[in-house]
Amino acid sequence: MYDAEHSWRQTLLTALAVVAAPIVGLNALLAFNTMTTAEREIDGVAKSTLAVVEQRIDAAATQLILLGLKGIQSCGSTDIERMHASEVAARFIAEIAVTDASGQLVCSGFGTPRVVRAVSPEHGTTSPDVTLSAVAIGSELPERMLRLLWRYPDGGGLRVLIANEELFPHFLRSRMTSGFIAEIELMNGGVLSRKLTSAGLSGRDSAPMLAISGAVVSQRYPLKVEVSAPGSALLDANVMPFVYANVGGLAFALFVTLVAVLVGRRTGGPIREIADGIRKGEFVPYYQPVIDITSGKILGCEVLVRWVKRDGRVVPPGRFISLAEASGEIFPMTVALMERARDDMAEVYASRPALKLGFNLFAGHFENLTIVDDVRRIFEPSRIRLSQLMLEVTERQPLPDIPRARLVIAKLQALGARVALDDVGTGHGGLSYLLKLGVDVMKMDKMFVDAIGTDRYSVAIVDSMVKLAEDMNLDLIAEGVETIEQVEYLRGKGVRMAQGYVFAPPLPARSFKDLVEAMSPQSRNRAGRSPADLPAQKASA
Ligand code: C2E
Ligand code: CA
Ligand code: CA
């Protein structure tokens, strides 16, 4: 395929890369940022939660020590009053009570007296008279509380209960962008309390890979605060930046594509480049001689297009013909080639009326009669006779509408032109094409010529093609003849016409004309004197 199409695809791929890379990068960056931000937030929340927990236990312990030092143990009215006073000092205290040596409740100085059950060992604290432990209240759905206990020498005691709920600071809910789970854990007492800051959270998360957590351990109490943000919560909280990034990326993609398309249009794009090339006369006919292998005479030529670029590069048709056909540029290109060939060859052909000038047409040319009008318009007034023209239709691509193609061929023949079926043996057409289309000439594909001297089967095909041409009364041209052996074999089989590198490659106009002049020098004079040529020469003068 043609270069520019490569660069076109490359442009598209580059545009895709330009777009995909930032989106992927941005997403990765956002994900990383989300993780590190969340990690920082979690550490911060865990630390400040622990600070509050410690402060509250400190405050409760201070009240307990004050009461204990005063020897509050009797449940008398003064003692009760003092206990009440403690409540004002530490509002989060749920109960202050006096217990006897066996640990049984004597009286409650503040709050509802509760029957408690220890659920952890008693841990010492910084004060030698105070211990800390976890207790449970109630049997069904037991509530957990933290118990600070002051012991008198006689075994009796004073206890303070703190509802675990009260240990969590109020700011907790508002501190983080994502929902999270905070837990306070007492050594050997399990989780005292758990706080979920968002209703959708549960202890177990569906995307544990993404979950992040942080923990801090108290230096004063056997406590640990652990905070974790499950993946789902992180995603929920951060989904908007991702949406913005991707929507933004896609908008950017559209923008880049649009710019690429506009720039592509400006600079042409491959089809536009072909159209420009046609306008500037860059599609040039080259001429490959067709030789009579029985006499060595030149019979004519086939026109093969070349794209001669401004820098002098000569691009072969394989690089642009299919794009020209697919885009319809082949129609003006064919017209331009015919006009150019007419001008190049007028002189040489006018004086040698037997020479044939062949053009390649494609399936699209056989869908309506435009080509018939073009051929007549270009050649009727010229010095090249319509009878000198040969139009080739390839068997490689199927003709979509055979009856219509038959009509176009008949009209071309009615003008006096001959029609050849090209690349015979390569396509799906075969014998039925030859019969239905009513062509005058068969061009045997190079593939079969190549097989000469190698493979018996293919040689048999050559033989049968020669026979077929004879039976159908068609001329046969062998294509792609490269060796003397092939020429000899073909000649031996009765093939008269051949084309190929063994004689000449496709030549620029000047070289082809020189070749004709050299191979049939007298015919010019003879033709010049021939009365048959005079009207044609006059007509175009
Ligand atoms: P094609 O019509 O079968 O033309 C014969 C191709 O074989 C030409 O290739 C010619 O240069 C090459 N050739 C001739 N003799 C030999 C040989 O001895 N050995 C080898 N290896 N190759 C040989 P080219 O010029 O590259 O053209 C390729 C194809 O492009 C043509 O195949 C034809 O289908 C298409 N094409 C060329 N010019 C035109 C045009 O003006 N219009 C259309 N529609 N198609 C064209
Ligand atoms: Ca051809
Ligand atoms: Ca061919």
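Quick caveat: nothing in here was measured; it's all calculated off a predicted structure. Note that ligands are numbered from 1 as they come in the structure, with each ligand's atoms numbered from 1 the same way. Note that these values count all heavy atoms, side chains included, but never hydrogens, waters or copies made by symmetry.
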Hey, is Thr394 one of the residues with a heavy atom under 4.0 angstrom from ligand 1? no
Per-residue contact class, Asp422 against ligand 1 - non-hydrogen pairs under 4.0 Å: side chain
Please classify the Val502 to ligand 1 contact at 4.0 Å (heavy-atom distances, strictly less than): side chain, backbone, both or neither. neither
Measure from atom 40 (C) of ligand 1 to every heavy atom in Thr483, Asn360, Thr334, Ile330 and give the option owning the shortest one. Asn360
Are Arg313 and Asp311 close enough for a salt bridge, meaning some N to O gap below 4.0 Å? yes
Atom 20 (C) of ligand 1: the protein heavy-atom neighbour that sits closest, reported with distance to 0.1 Å: Lys446 CE, 3.1 Å
Between Val481 and ligand 1, which residue portion shows a heavy-atom distance shorter than 4.0 Å: side chain, backbone, both, or neither? backbone
Protein heavy atoms near atom 2 (O) of ligand 1, is at least one of them under 4.0 angstrom away? yes
Using a strict cut-off of 4.0 Å, indicate which atoms of ligand 1 neighbour a heavy atom of Ile321. 43 (C), 45 (N), 46 (C)
Considering Leu304, Val303, Leu337, which one's heavy-atom position lies nearest to atom 10 (C) of ligand 1? Leu304
Could you tell me if the ring centre of Phe331 sits under 6.0 Å from that of Phe362? yes
What are the two closest non-hydrogen atoms of Phe448 and Val424, and how far apart are they? CE1-O, 3.4 Å
Of all N/O/S atoms in Asp422, the name of the one nearest the Ca ion (ligand 3): OD1
Relative to ligand 1, is Gln288 under 4.0 angstrom through side chain, backbone, both or neither, heavy atoms considered? side chain
Atoms in ligand 1 with a heavy atom of Glu302 nearer than 4.0 Å: 2 (O), 4 (O)
For ligand 1, does Lys443 get within less than 4.0 Å through its side chain, its backbone, both, or neither, judged by non-hydrogen atoms? neither
Is any NZ, NE, NH1 or NH2 atom of the basic residue among Asp343 and Arg340 found under 4.0 Å from an Asp or Glu carboxylate oxygen of the other? no
What protein heavy atom lies closest to atom 16 (C) of ligand 1? Include the residue and the distance to one decimal. Tyr501 CE2, 3.3 Å
Which atom name would you report as the N, O or S atom of Glu392 nearest the Ca ion (ligand 2)? OE1
For Gly500, counting its heavy atoms only, list the atoms of ligand 1 lying under 4.0 Å from any of them. 15 (N), 18 (O)
Under 4.0 Å and counting heavy atoms only, is there anything from the protein next to atom 32 (O) of ligand 1? no
Taking heavy atoms and a distance under 4.0 Å, where does Asp445 meet ligand 1: side chain, backbone, both or neither? neither
4.0 Å heavy-atom contact, Glu479 with ligand 1: yes
Look up atom NZ in Lys356 and atom CZ in Arg385, then write down how far apart they are to the nearest 0.5 Å. 10.0 Å
Taking 4.0 Å as the limit for heavy-atom contacts, which would you say applies to Arg396 with ligand 1: side chain only, backbone only, both, or neither? neither
Decide, yes or no, whether a salt bridge links Lys493 with Asp463 under the criterion of side-chain N to carboxylate O below 4.0 Å. yes
Can you find a protein heavy atom under 4.0 Å from atom 25 (O) of ligand 1? yes
Using a heavy-atom cut-off of under 4.0 Å, does the side chain or the backbone of Val305 touch ligand 1, or both, or neither? both
Arg496 bridged to Asp475 by N-O distance under 4.0 Å: no
Please determine whether any non-hydrogen atom of Met333 lies less than 4.0 Å from an atom of ligand 1. no
To the nearest 0.1 Å, how far is atom 11 (O) of ligand 1 from its closest protein heavy atom, and which atom is that? Pro506 CG, 3.2 Å
Indicate yes or no: does an N/O atom of Pro317 lie under 3.5 Å from an N/O atom of ligand 1? no
Please check if atom CG in Asp471 has more than 12 non-hydrogen atoms from other residues, nucleotides or ligands closer than 6.0 Å. yes
Pairing donors with acceptors under 3.5 angstrom, does anything connect the side chains of Ser520 and Arg352? yes
Is ligand 1 under 4.0 Å from a heavy atom in the side chain of Arg306, in the backbone, in both, or in neither? side chain
If you scan the protein for heavy atoms around atom 6 (C) of ligand 1, do you find one that is closer than 4.0 Å? no
Under 4.0 Å to a heavy atom of Asp423 - the qualifying atoms of ligand 1, by number: 3 (O)
Could you walk me through whether Gln288 and Gln499 pass side chain to side chain donor-acceptor pair (under 3.5 Å), step by step? CA-CA 7 Å; Gln288 184 173 36; Gln499 180 185 341; 2.9 Å; yes
Note: Asp374 and Arg377 closest approach over all heavy atoms is OD1-NH2, 3.0 Å
Check whether the ring centres of Phe283 and Phe320 lie less than 6.0 Å apart, and answer yes or no. yes
Name whichever N, O or S atom of Glu302 ends up nearest to the Ca ion (ligand 2). OE2
Separation between CZ (Arg396) and OG1 (Thr426), nearest 0.5 Å, reads 4.5 Å
Regarding Arg306 and Glu282, does a basic nitrogen lie under 4.0 Å from an acidic carboxylate oxygen? no
Run the salt-bridge test on Arg404 and Glu367 with the 4.0 Å N-O cut-off and return the result as yes or no. no
Ion pair present between Arg510 and Asp514, side-chain N to carboxylate O less than 4.0 angstrom? yes
Counting each atom of ligand 1 from 1 as listed, which ones have a heavy atom of Glu482 under 4.0 Å away? 17 (C), 18 (O), 19 (N), 20 (C), 21 (N)
Please determine whether Asp423 has a backbone or side-chain N, O or S atom lying under 3.0 Å from the Ca ion (ligand 3). yes
Within 6.0 angstrom of Lys411 NZ, more than 12 heavy atoms from elsewhere: no
Would you check whether Gly318 reaches within less than 4.0 Å of ligand 1, judged by its heavy atoms? no
Should the pair Glu392-Arg418 be classified as a salt bridge under the 4.0 Å nitrogen-to-oxygen rule? no
Does Lys446 come within less than 4.0 Å of Glu482, counting only side-chain N to carboxylate O? yes
Looking at the Ca ion (ligand 2), is one of the N, O or S atoms of Asn360 less than 3.0 Å from it? yes
Restricting to N/O/S atoms, is Glu479 within less than 3.0 Å of the Ca ion (ligand 3) or not? yes
